[in-house]
Amino acid sequence: MAAPATPGSEQIWLWIGTIGMALGLLYFLGRGWGVKDKKLRQFYAINIFVTTIAFSMYFAMATGFGLTEVELLDGTVLDIYWARYTDWLFTTPLLLLDLALLANADRETIYTLIGLDVFMIATGLIGAFAQEAIWRIVWWGISTGALLVLLYVLVGTLSEAAPSQSDAARSLTSTLKNLLIVLWLAYPVVWILGTEGTLGFIPLYAETAAFMVLDLTAKVGFGAYLLKNHDVLTSLGTGAGSAQPAD
Ligand SMILES: *C/C=C(C)/C=C/C=C(C)/C=C/C1=C(C)CCCC1(C)C
């Protein structure tokens, strides 16, 4: 069924991912050092966690851990980097938390988003290990369905929050939301066209590069853009919407 495997030429992308995550982590640590504001510290903590987890999983994959061979019933053998799912299981809820806190979302909404997200990653993992192409595609469909519902809930939550946000917070939220939607929608596309989908349009080498670029942009790029806006993050919830008269 599943046997250990050694990384091939795609290893180069895993090392670049490892270095990129390390640099992102150091950047967040350096910039967050000595920050006193509670809200700001919270955002730094989240993004430091995200890059720490991603750095360790990339390092694991680059050094040959977290890769396995899955043999399908028809004899096809697929190289699957399962360590990605361990990374994503923890980092994607944290990235959603960034946006939820920015929009002052309530607890129920945060739990709903995280629940959908964990379901999405878990069903994707099942798909990655399924032994027949048809079931892999079915699980991909279920996971993608969860992603679409998640994005729908997210967009609804953020637009509901918009009127009570300051102009600066609203515009930051909307930029990050758009970035997240575009990047996150690319993951299932790479997956189904790559090794996991068995369709084989994208070989493992290119697939590993694509996930690396997506991961770096969705974690380090997204986090850096968020944390550049100290003024917005420190004034969250204070005087938001106060420019408009109360009705
Ligand atoms: C830092 C890592 C991020 C932002 C990862 C995001 C991952 C996804 C949105 C993955 C989604 C998937 C599907 C919707 C279906 C196929 C399996 C996945 C897990 C690739």
Side-chain angles (χ1 to χ4, degrees), residues 2-29 47-72 76-95 117 120-122 124-130 136-137 139-140 143-144 147 179-226:
T6 44
S9 54
E10 75 279 2
Q11 206 173 9
I12 179 71
W13 305 125
L14 299 171
W15 279 115
I16 295 176
T18 308
I19 294 165
M21 291 302 172
L23 292 176
L25 170 60
L26 289 174
Y27 174 72
F28 295 147
L29 279 173
N47 293 283
I48 285 169
F49 265 122
V50 167
T51 40
T52 304
I53 296 167
F55 162 75
S56 21
M57 286 305 120
Y58 261 94
F59 182 66
M61 292 190 287
T63 53
F65 174 87
L67 170 65
T68 191
E69 273 180 355
V70 174
E71 189 179 343
L72 306 193
T76 317
V77 174
L78 305 174
D79 283 335
I80 301 293
Y81 280 99
W82 60 264
R84 298 192 180 293
Y85 299 87
T86 319
D87 169 339
W88 297 346
L89 190 61
F90 296 103
T91 57
T92 50
L94 289 168
L95 292 166
D117 183 89
M120 168 185 82
I121 302 295
L125 178 64
I126 298 176
F129 280 90
R136 303 178 71 87
I137 294 167
W139 283 109
W140 172 85
S143 177
T144 302
L147 173 60
L179 186 64
L180 186 142
I181 293 175
V182 170
L183 291 169
W184 287 34
L185 282 175
Y187 281 85
V189 177
V190 173
W191 194 98
I192 197 71
L193 297 180
T195 316
E196 285 82 357
T198 68
L199 303 175
F201 286 115
I202 308 179
L204 185 62
Y205 182 76
E207 179 187 353
T208 310
F211 275 139
M212 182 269 290
V213 171
L214 286 174
D215 282 341
L216 282 177
T217 318
K219 295 181 170 68
V220 179
F222 181 91
Y225 192 87
L226 171 79

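Starting from 1, each residue takes its place in the sequence as its number.
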**Q.** Check: L72 and R136 side chains under 4.5 Å, non-hydrogen atoms
**A.** yes
Q) How about V77 and V70: do any of their side-chain heavy atoms sit closer than 4.5 Å? A) no
Q: Calculate, to the nearest 0.5 Å, the distance between atoms CG and CG belonging to L185 and L180 respectively.
A: 9.0 Å
Q) Quick check, are the ring centers of F59 and F65 under 6.0 angstrom apart? A) no
Q: Sequence neighbours left out, what passes side chain to side chain donor-acceptor pair (under 3.5 Å) with E207? Give chain and number order.
A: T195
Q. Are the side chains of I121 and R84 in touch, meaning some heavy atoms are under 4.5 Å apart?
A. no
Q: With side chain to side chain contact (heavy atoms under 4.5 Å, CB included) as the test, would you mind laying out the steps for Y27 and V220 before giving the verdict?
A: CA-CA 9 Å; Y27 174 72; V220 179; 5.9 Å; no
**Q.** Sub-4.5 Å side-chain heavy-atom contact between F222 and L183
**A.** no
Q. Around Y205, counting heavy atoms of other residues, nucleotides and ligands shown, do more than 12 lie under 6.0 Å from its OH?
A. yes
Q) Which pair of non-hydrogen atoms, one from M61 and one from L14, has the smallest distance, and what is that distance? A) O-CD1, 3.6 Å
Q. Is there side-chain contact between W191 and T144, with heavy atoms separated by less than 4.5 Å?
A. no
Q) W140 side chain to P188 main-chain N or O, any donor-acceptor pair under 3.5 Å? A) yes
Q: List the atom of V50, the atom of T91, and the distance in Å for their closest heavy-atom pair.
A: O-CG2, 3.6 Å
Q.
To check you understand the geometry: which heavy-atom pair defines the closest contact between G127 and W139, and what is its length?
A. CA-CB, 3.5 Å
Q) How long is the span from the OG1 atom in T208 to the CD1 atom in I12, to the nearest 0.5 Å? A) 12.0 Å
Q: Keeping to residues at least two apart or across chains, list the side-chain hydrogen bond (donor to acceptor under 3.5 Å, both in side chains) pairs with something in residues 50-64.
A: Y58-D215
Q | Minimal non-hydrogen separation, I192 against L199, with atom names | A | O-CD1, 3.5 Å
Q) Parallel, tilted or perpendicular for F211 and Y187, by the 30°/60° rule? A) parallel
Q) Can W88 and L125 be said to form a side chain to side chain contact (heavy atoms under 4.5 Å, CB included), step by step? A) CA-CA 10 Å; W88 297 346; L125 178 64; over 6 Å; no
Q.
Once side-chain hydrogen bond (donor to acceptor under 3.5 Å, both in side chains) is applied, what residue pairs with a partner in residues 10-25 remain, sequence neighbours excluded?
A. E10-Y81
Q) If you take all heavy atoms of D117 and P93, which pair is closest and at what distance? A) OD2-CD, 3.3 Å
Q. Heavy-atom distance under 4.5 Å between the side chains of M21 and L216, does that happen here?
A. yes
Q | E196 side chain near I80 side chain, heavy-atom distance below 4.5 Å | A | yes
